[in-house]
Amino acid sequence: MVHEHERTPLRRGRMAGIVASVAAISAVMAGTAFAGSDMGSDQSGATGNAGASSGNINALVPALGFSPGNPNATADRVGPTGVKVPGRCPPTQAQVNAQVALKNANFPSGTDLDSRIQRFEKTLSAIQDLKCPAASTTLLGRLNSLTALRANANRDNILRGLGLNETPAG
């Protein structure tokens with residue numbers, strides 16, 4: 001047993017991480033998202049790159065852009081980009097949200113371009129951790145449209161008109 005005076009900041013940080021991990025795993029097992037699963041855009045206008053707590057991660061993880069697969073499927077299906085993907089893919093939004101929360105204690109919440117790109121990259125990584133290809137969602141194409149903005153001198157004006165996880169039209 002660890003006494004209160006023996007707890008170090010590092011140990012308390014690990015404990016918080018364990019609690020967040022348990023919550024994320026529970027959400028996956030229950031097949032539900034964390035409380036407050038507003039998948040719409042966050043219109044708070046927050047900027048910067050502060051990390052997200054598990055309570056608001058659902059609003060920060062980009063929508064997958066394609067209906068979830070059948071977890072019992074054995075055959076492939078055509079994904080949103082016309083490529084064959086496993087029939088079980090993509091996972092549910094709740095599963096992806098939980099995996100993102102599990103892996104990312106500091107999930108970016110800013111409206112700046114780099115925060116947006118990082119959210120898409122981390123979400124794609126979570127999908128791949130769940131054994132589904134990026135082609136089972138529309139995220140890669142949307143990430144590419146964001147990445148292309150890096151070279152656009154007008155990027156700040158373009159981003160200003162978008163919701164938190166919206167991407168510019170091609």
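Note that the coordinates shown come from a computational prediction; the quantities given were computed from them, not determined experimentally.
- Residues Val85 and Leu124 fall into different hydrophobic clusters, defined by Ile, Leu, Val, Met, Phe, Trp and Tyr side chains chained together at heavy-atom separations under 4.5 Å.
- Atom CG of Asn144 is separated from atom CZ of Phe120 by 11.0 Å, given to the nearest 0.5 angstrom.
- Cys89 is listed as a side-chain neighbour of Pro133, based on a closest heavy-atom distance under 4.5 Å.
- Atom-to-atom distance recorded for Gln93:CD and Thr137:OG1 is 10.0 Å, nearest 0.5 angstrom.
- A distance of 9.5 Å separates OG1 in Thr111 from CG in Asp156, rounded to the nearest 0.5 Å.
- Contact between Thr81 and Ala135 at its shortest, heavy atoms only, is OG1-O, 3.9 Å.
- In plain terms, the two heavy atoms of Arg142 and Gly65 that are nearest each other are NH1-N, 4.3 Å.
- Of the possible donor and acceptor atoms, none in the side chain of Arg150 sits under 3.5 Å from a partner among the backbone N and O of Asp114.
- Residues Thr123 and Phe107 meet the side-chain proximity criterion, which asks for heavy atoms closer than 4.5 Å.
- Counting only distance, with no hydrogens or angles, the side chain of Arg88 and the backbone of Lys131 share a donor-acceptor pair below 3.5 Å.
- Of all non-hydrogen atoms in Arg119 and Ser109, the two that sit nearest each other are NH1-C, 3.5 Å.
- Here Leu60 contributes atom CG and Asn104 contributes atom CG; the two are 11.0 Å apart, rounded to the nearest 0.5 Å.
- A continuous path of Ile, Leu, Val, Met, Phe, Trp and Tyr side chains, each step under 4.5 Å between heavy atoms, connects Leu113 with Ile158, placing both in one hydrophobic cluster.
- The hydrophobic clustering, which links ILVMFWY residues whose side-chain heavy atoms are closer than 4.5 Å, places Leu159 and Leu143 together.
- Here the CZ atom belonging to Arg116 is positioned 5.5 Å from the CG atom belonging to Leu162, to the nearest 0.5 angstrom.
- Here the CG-CD1 distance, from Leu64 to Ile127, works out to 5.0 Å after rounding to the nearest 0.5 Å.
- Under the 4.5 Å side-chain contact rule for hydrophobic residues, Leu140 and Ile117 share a cluster.
- Residues Pro90 and Ser67 approach most closely at CD-O, 3.3 Å, considering heavy atoms.
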